[in-house]
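What follows is a short report on a single structure.
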Amino acid sequence: MKILGIETSCDETAAAVVEDGTKILSNVVASSAEMQAKFGGVIPEQAARQQVRSVIPVVQEALSSAQSLVPSALDCIAVTVGPGLIGSLLVGVETAKTLSYLWKKPVIPVNHLVAHIYANWISQNLPKFPALALVVSGGHTDLVLMKDHGKIEWIGGTRDDAAGEAFDKSARLLGLPYPGGPSIAAAAANFQPPAPNFQLNLLPRPMIDEDNFDFSFSGLKTAVLRETEKLENRGEKLDKEVRSWNKSNLQTSRLAAETQEAIVDVLVKKTLDAVKKFKPKSLLLAGGVSANSRLREKFQLAINHQSLAIDFRVPDPKLCTDNAAYIASYAFFNNKPAPLDKISANAELTITDSV
Ligand code: KG4
Ligand code: ZN
C-alpha cells in the first residue's frame with residue numbers, strides 16, 4: 001500500500017511516499033530555515049505564505065523521486081490536521097482535499113504528535129506493544145503509553161515550556177542561532193572539560209525527583225538568564241566573535257553544555273522511572289529533540305547501567321524533526337479515511353485527541 005503524506009504544521013512544507021508504513025520511497029522537506037535564522041524564529045504569516053508557494057512543487061517532487069510514481073498508483077493521502085499554526089495547517093489540509101477530489105483517493109487525517117512516534121515504525125523490525133513513548137518537540141513534551149495502534153494513554157508532560165522550547169529560548173539567551181536545539185548541541189560539542197571527571201551541574205534539574213511524570217522547563221531558561229546576568233553584572237561582555245565572556249573567558253560552549261545536560265538528565269530520569277513503573281516492551285523516542293545525540297547517548301548509558309530489559313528505539317535523526325514520512329506511516333497503521341467535509345485543521349489538538 002502506497003500512501004502520500006503531507007505535513008505543513010509549522011514552517012516546513014513536506015511530502016513523502018511510504019510503502020506499507022515501513023519503507024520510504026521518497027521524503028521531501030522544504031523549510032524556510034534562512035528566514036528563521038534571520039528573524040530568530042518562525043513568523044506564522046510568512047511561513048504560510050511560503051507554504052502556499054511550495055506545497056505543489058514539494059508533492060510533485062515526492063512523486064517523481066518515488067520512482068516517478070503516478071497519482072493513480074497511490075492508495076490514499078494522509079495529512080496533518082493539527083496541532084500547529086492554523087494558517088500553515090490549512091495549506092496542507094486544503095491541498096490534500098483538492099488532490100483527493102482530483103485523484104479520487106481517500107484522505108486520512110493525522111494528529112501530528114502521535115504521528116511523530118511512527119518514525120519508529122519506519123523500520124524492518126517493528127516496535128512491540130505495550131510501548132512507552134517520549135515525544136519531545138518544539139511545542140510539546142509528552143509521555144504516553146501505547147497499548148496498541150490508536151490506544152494511547154497520557155501519563156505525563158510539561159507544565160510550562162516544552163523541551164524544544166527550553167533549547168530554543170536558552171540558545172537565544174546565549175546568542176546562538178535558531179533553531180536552538182541543533183545550535184546548543186553544536187556549541188556543547190566544542191566544550192572542553194577542564195578535568196576528566198568534570199561535572200556539568202551548574203543548572204537545576206526541575207522536578208527530577210518528584211513522584212510523577214511531569215516536567216517543567218521554564219525555570220531552566222530563567223537559570224540560564226541568571227548565569228548570563230551574573231557575568232554581565234561583573235562587567236563582562238560576550239565577545240560574539242569567539243563566543244566567550246571577556247574577563248572570565250567562560251565560553252558559551254560551557255553554558256550550552258550545561259543547558260543540554262540539564263534538559264537531558266530530566267528527560268532520561270523521568271522516562272526511565274516510567275519504564276520501571278509501567279514495564280513496557282518498547283521505549284520509543286520521538287520529536288525534534290530526540291535527534292539530540294547526547295539525549296540518545298545518555299538514554300542508552302542509563303538503560304545499560306540499570307540493566308533495563310527494554311527494546312529502546314530512536315529514529316534516524318532526519319526522521320525525528322518534522323517530515324511527512326511518519327505522517328504516511330501513521331496512516332498505514334491507523335487506516336481511517338474520513339469524509340472530506342469532516343476533515344478540518346485544528347491548531348489546538350493534544351496527543352490524546354482523535355482526529
Ligand atoms: O518535532 P520538531 O521538528 O517540530 C515540532 O513539531 O515542534 O521539533 C523542533 C524542535 C525545536 O525546538 C528544535 O530546537 C529541536 O526540536 N531540535 C533539537 C535538535 N534538533 C531539533 N533539540 C536538541 N538537539 C537537536 N539536535
Ligand atoms: Zn513536530
Side-chain angles (χ1 to χ4, degrees), residues 5-14 16 27 29-33 36-37 40-42 44 47 79-85 88-89 92 110-120 133-142 157-158 161-174 176-189 215 217-218 220-221 256-268 284-299 314-327 329-330 347-351:
I6 299 177
E7 155 63 43
T8 60
S9 67
C10 190
D11 80 321
E12 282 85 4
T13 310
N27 190 11
V29 183
S31 96
S32 45
Q36 285 178 10
V42 176
V79 66
T80 297
V81 296
L85 305 170
S88 295
L89 289 166
V110 178
N111 179 326
H112 176 88
L113 294 171
V114 182
H116 257 300
I117 307 170
Y118 280 79
N120 291 284
L134 172 69
V135 182
V136 269
S137 70
H140 297 81
T141 298
D142 289 302
T158 187
D161 290 355
E165 212 171 338
F167 272 108
D168 295 335
K169 289 180 174 169
S170 303
R172 186 188 273 260
L173 292 170
L174 297 176
L176 296 169
Y178 185 91
S183 51
I184 287 207
F215 303 89
F217 290 109
S218 68
L220 189 61
K221 162 195 72 194
E258 295 278 6
T259 307
Q260 175 174 265
E261 208 69 7
I263 297 171
V264 165
D265 281 350
V266 181
L267 292 174
V268 171
L284 316 174
L285 302 193
V289 177
S290 65
N292 185 276
S293 42
R294 185 66 179 148
L295 180 73
R296 299 155 84 100
E297 180 189 8
K298 280 203 116 175
F299 258 111
V314 266
D316 183 304
K318 284 197 295 295
L319 296 178
C320 293
T321 47
D322 286 350
N323 67 86
Y326 59 70
I327 302 300
S329 175
Y330 166 94
E348 307 297 333
L349 277 183
T350 70
I351 198 161

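Computed from a prediction, not measured in an experiment: that's the story for all the values here. All ligand and atom numbering here is 1-based and tracks the order in the structure. What's counted below: heavy atoms across the whole structure, side chains too, no hydrogens, waters or symmetry copies. Numbering starts at 1 and runs along the sequence shown.
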Item to check | Residue contacts for ligand 1, heavy atom to ligand atom, distance under 4.0 Å | outcome: H112, H116, S137, G138, G139, G164, F167, D168, P179, G180, G181, P182, G287, G288, V289, A291, N292, T321, D322
Report, one line per pair, each donor and acceptor closer than 3.5 Å where one atom sits in a side chain of residues 258-265; sequence neighbours left out.
| from | atom 1 | to | atom 2 | distance (Å) |
| --- | --- | --- | --- | --- |
| E258 | OE1 | N201 | N | 3.2 |
| E258 | OE1 | L202 | N | 3.0 |
| E258 | OE2 | R254 | NE | 2.7 |
| E258 | OE2 | R254 | NH2 | 2.8 |
| T259 | OG1 | L255 | O | 2.7 |
| Q260 | OE1 | N292 | ND2 | 3.0 |
| E261 | OE1 | R294 | NE | 3.0 |
| E261 | OE2 | R294 | NE | 3.4 |
| E261 | OE2 | R294 | NH2 | 2.7 |
| E261 | OE2 | K298 | NZ | 2.8 |
| D265 | OD1 | K298 | NZ | 2.6 |
| D265 | OD2 | R205 | NE | 3.1 |
| D265 | OD2 | R205 | NH2 | 2.9 |

Checklist entry - Is there a side-chain contact between V42 and C10 (heavy atoms, below 4.5 Å)? => result yes
Checklist entry - Is H116 close enough to the Zn ion (ligand 2) to have an N, O or S atom under 2.8 Å? => result yes
Next on the checklist: Angle at the Zn ion (ligand 2), OD1 of D322 to NE2 of H112, rounded to 10 degrees, please.
Outcome noted: 100°
Checklist entry - Given side chains that start at C-beta, do those of L134 and L267 come closer than 4.5 Å, heavy atoms only? => result yes
Checklist entry - Is the shortest heavy-atom distance from the side chain of V135 to the side chain of H140 under 4.5 Å? => result no
Item to check | Derivation and outcome, ring pair (Phe, Tyr, Trp, His ring centres under 6.0 Å), residues Y326 and Y118 | outcome: CA-CA 5 Å; Y326 59 70; Y118 280 79; 9.2 Å; no
Checklist entry - Is any side-chain heavy atom of P83 less than 4.5 Å from a side-chain heavy atom of T350? => result no
Next on the checklist: To the nearest 0.5 Å, what is the distance between CD on E12 and OG on S88?
Outcome noted: 9.5 Å
